[in-house]
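Chain letters run A, B, ... following the sequence lines, proteins first, then strands; residues in each count from 1. Since we're looking at a predicted model, the values are computed, not measured. Any value given below was found using the heavy atoms of this structure, including those in side chains, with hydrogens, waters and symmetry copies removed.
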2 protein chains.
Amino acid sequence: MLSKKTKYGLKALTYMAKKGGNEPILISEISEKENISKKFLEIILLQLKNAGFLGSKKGKGGGYYLIKSPEKITVAALIRILEGPIAMLPCVSLNFYEKCDDCPDEETCSLSRLMIEVRDSTLQVLENKTLADLT
Amino acid sequence: MLSKKTKYGLKALTYMAKKGGNEPILISEISEKENISKKFLEIILLQLKNAGFLGSKKGKGGGYYLIKSPEKITVAALIRILEGPIAMLPCVSLNFYEKCDDCPDEETCSLSRLMIEVRDSTLQVLENKTLADLT
DNA sequence: AAATACCCTAGTAAATTAATAGACTTTATT
DNA sequence: AATAAAGTCTATTAATTTACTAGGGTATTT
């Protein structure tokens with residue numbers, strides 16, 4: 001299950017991409033239009049900025065804006081920033097791998113083999129969908 | 001991410017299926033062989049029993065045993081019992097559906113459309129894998 | 001100088017996770 | 001009948017995560 005944070009982040013970015021243009025968009029505007037707590041959204045957008053997806057401008061006329069074009073932002077990349085691993089188990093995660101502690105040998109573990117299949121089929125979808133597909 | 005509970009449950013059932021036979025298997029045996037806290041495993045196996053996957057026998061010579069044959073138990077069904085929804089959002093879950101509260105119209109929601117795709121590709125794997133495939 | 005809008009630190013209530021403790025019940029064996 | 005084995009039930013708990021909220025700080029524009 002995706003957390004609200006991830007869901008909100010995806011909705012906020014979709015809103016921004018839909019709107020297009022290069023002018024900064026207010027947190028409060030996104031917050032109102034997408035029914036997201038403004039303070040919570042601040043945290044989310046800041047995180048997306050630190051990850052290199054958004055730029056920001058302070059002061060009057062300020063706000064957040066997309067840095068890359070929506071076609072170049074995959075949903076998989078966004079979920080990894082906001083949520084963390086996409087895989088169902090840490091021991092089969094590509095970007096957040098952690099060793100399995102109760103499992104003597106990951107190579108021969110039938111559960112990990114299955115979860116690799118699940119991961120790959122999920123990535124097949126998420127790596128090929130971009131922000132542009134959500135608009 | 002799957003919880004430890006789900007992971008332990010899958011490993012325990014895999015152990016049982018691998019062992020085969022009809023004799024009851026001790027909680028403590030599974031607990032030791034699979035490195036799972038015995039008390040935690042008690043809870044898990046009881047839940048699987050209440051869900052109709054396991055039978056149990058009390059007293060000396062007792063334990064847990066599989067009720068159905070491993071080929072007839074899909075991994076999807078087990079995850080639904082132990083973990084809950086397989087979908088990434090409640091509003092696209094087949095078995096644990098919940099209405100989206102911040103979304104005015106689910107029909108036209110691009111995010112939900114994407115998450116339906118993810119769900120279906122995950123289910124394509126999990127509905128077609130059984131306990132027998134894990135042995 | 002004043003207003004605007006993002007930035008930063010801190011805290012917190014609620015829920016979930018991953019157990020643990022201990023008494024109770026049922027069953028097989030001696 | 002006594003005993004030991006083995007699952008069952010109730011309760012509790014520590015740690016973590018989630019989903020926020022409060023309030024002030026800083027940069028920018030007018």
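Residues meeting the side chain to side chain donor-acceptor pair (under 3.5 Å) test with A/Lys68, sequence neighbours left out: none. Remark: A/Glu23 pairs with no residue by the salt bridge (Lys or Arg N to Asp or Glu O under 4.0 Å) rule, at least two apart or across chains. The salt bridge (Lys or Arg N to Asp or Glu O under 4.0 Å) search around B/Lys39 returns B/Glu42, not counting sequence neighbours.
Reading DNA chain C from its 5' end, the first and the last nucleotide to sit under 4.0 Å from a heavy atom of chain B are C/dA18 to C/dA28.
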Give the table of side-chain donor-acceptor pairs shorter than 3.5 Å for residues 111-126 of chain A, with sequence neighbours excluded, one pair per line with atom names and distance.
residue: A/Ser112; atom: OG; partner: A/Glu106; partner atom: O; Å: 3.3
residue: A/Ser112; atom: OG; partner: A/Cys109; partner atom: O; Å: 3.4
residue: A/Arg113; atom: NH1; partner: A/Glu107; partner atom: O; Å: 3.4
residue: A/Glu117; atom: OE2; partner: B/Lys129; partner atom: NZ; Å: 3.1
residue: A/Arg119; atom: NH1; partner: A/Val92; partner atom: O; Å: 2.8
residue: A/Ser121; atom: OG; partner: B/Ser121; partner atom: O; Å: 3.0
residue: A/Ser121; atom: OG; partner: B/Ser121; partner atom: OG; Å: 3.1
residue: A/Thr122; atom: OG1; partner: A/Val118; partner atom: O; Å: 2.9

Contacts under 3.5 angstrom, residues 29-36 of chain B side chains, donor-acceptor by atom type, not counting sequence neighbours:
residue: B/Glu29; atom: OE1; partner: B/Lys19; partner atom: NZ; Å: 3.2
residue: B/Glu29; atom: OE2; partner: B/Tyr15; partner atom: OH; Å: 2.5
residue: B/Glu29; atom: OE2; partner: B/Lys19; partner atom: NZ; Å: 2.6
residue: B/Ser31; atom: OG; partner: B/Ile36; partner atom: O; Å: 2.8
residue: B/Asn35; atom: ND2; partner: A/Asp102; partner atom: O; Å: 3.4

Check residues 70-86 of chain B and write down every donor-acceptor pair under 3.5 Å in which the side-chain atom is one partner and the other belongs to a residue at least two apart or another chain.
residue: B/Glu71; atom: OE1; partner: B/Ser69; partner atom: OG; Å: 3.2
residue: B/Thr74; atom: OG1; partner: B/Ala77; partner atom: N; Å: 3.1
residue: B/Glu83; atom: OE1; partner: B/Ser3; partner atom: N; Å: 3.0
residue: B/Glu83; atom: OE1; partner: B/Ser3; partner atom: OG; Å: 2.9
residue: B/Glu83; atom: OE1; partner: B/Thr6; partner atom: OG1; Å: 2.4
residue: B/Glu83; atom: OE2; partner: B/Ser3; partner atom: N; Å: 3.4

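B/Lys7 comes within 4.0 angstrom of no nucleic acid atom, judged by non-hydrogen atoms across all strands.
As rounded to whole Å, 12 Å separates atom C1' of D/dG7 from atom CD1 of B/Ile30. Straight-line distance from the NZ atom of B/Lys4 to the P atom of D/dT17: 11 Å, rounded to whole Å. One interatomic measurement links the two molecules: CG of B/Asp102 to C1' of D/dC20, which rounds to 14 Å at whole-angstrom precision. If you measure from atom CG of B/Leu46 to atom P of D/dA6, you get 18 Å, rounded to the nearest angstrom. When rounded to the nearest whole Å, the span between CE of A/Met1 and P of D/dA19 equals 12 Å. Rounding to whole angstrom units, CD1 of residue A/Ile43 and P of D/dT17 are separated by 16 Å.
Here the CG-CG distance, from A/Asn128 to A/Asp133, works out to 9.0 Å after rounding to the nearest 0.5 Å. Taken from CZ in A/Phe53 to CE in A/Met16, the straight-line distance is 13.0 Å, to the nearest 0.5 Å. Note that the CG atom of B/Leu134 and the CG atom of B/Leu13 stand 9.5 Å from one another [nearest 0.5 Å].
A distance-only check finds no donor-acceptor pair linking the side chain of A/Thr135 to the backbone of A/Lys18 [under 3.5 Å].
Listed in residue order, the members of residues 35-42 of chain A having a heavy atom less than 4.0 Å from DNA chain D are A/Ser37, A/Lys39, A/Phe40. A heavy-atom distance below 4.0 Å to DNA chain D is reached by these residues of residues 53-66 of chain A, ordered by number: A/Lys57, A/Lys58, A/Gly59, A/Lys60. Interface residues of residues 13-28 of chain B facing DNA chain D, ordered by number: B/Ile25, B/Leu26, B/Ile27; criterion, heavy-atom separation under 4.0 Å.
Linking Ile, Leu, Val, Met, Phe, Trp and Tyr whenever their side-chain heavy atoms come within less than 4.5 Å leaves A/Leu46 and A/Tyr65 in two separate clusters.
Counting only residues at least two apart or on different chains, no ring-ring contact (aromatic ring centres under 6.0 Å, His included) pair has a member in residues 78-109 of chain B. Listed by first and then second residue, the ring-ring contact (aromatic ring centres under 6.0 Å, His included) pairs involving residues 33-52 of chain A are A/Tyr8-A/Phe40 (not counting sequence neighbours).
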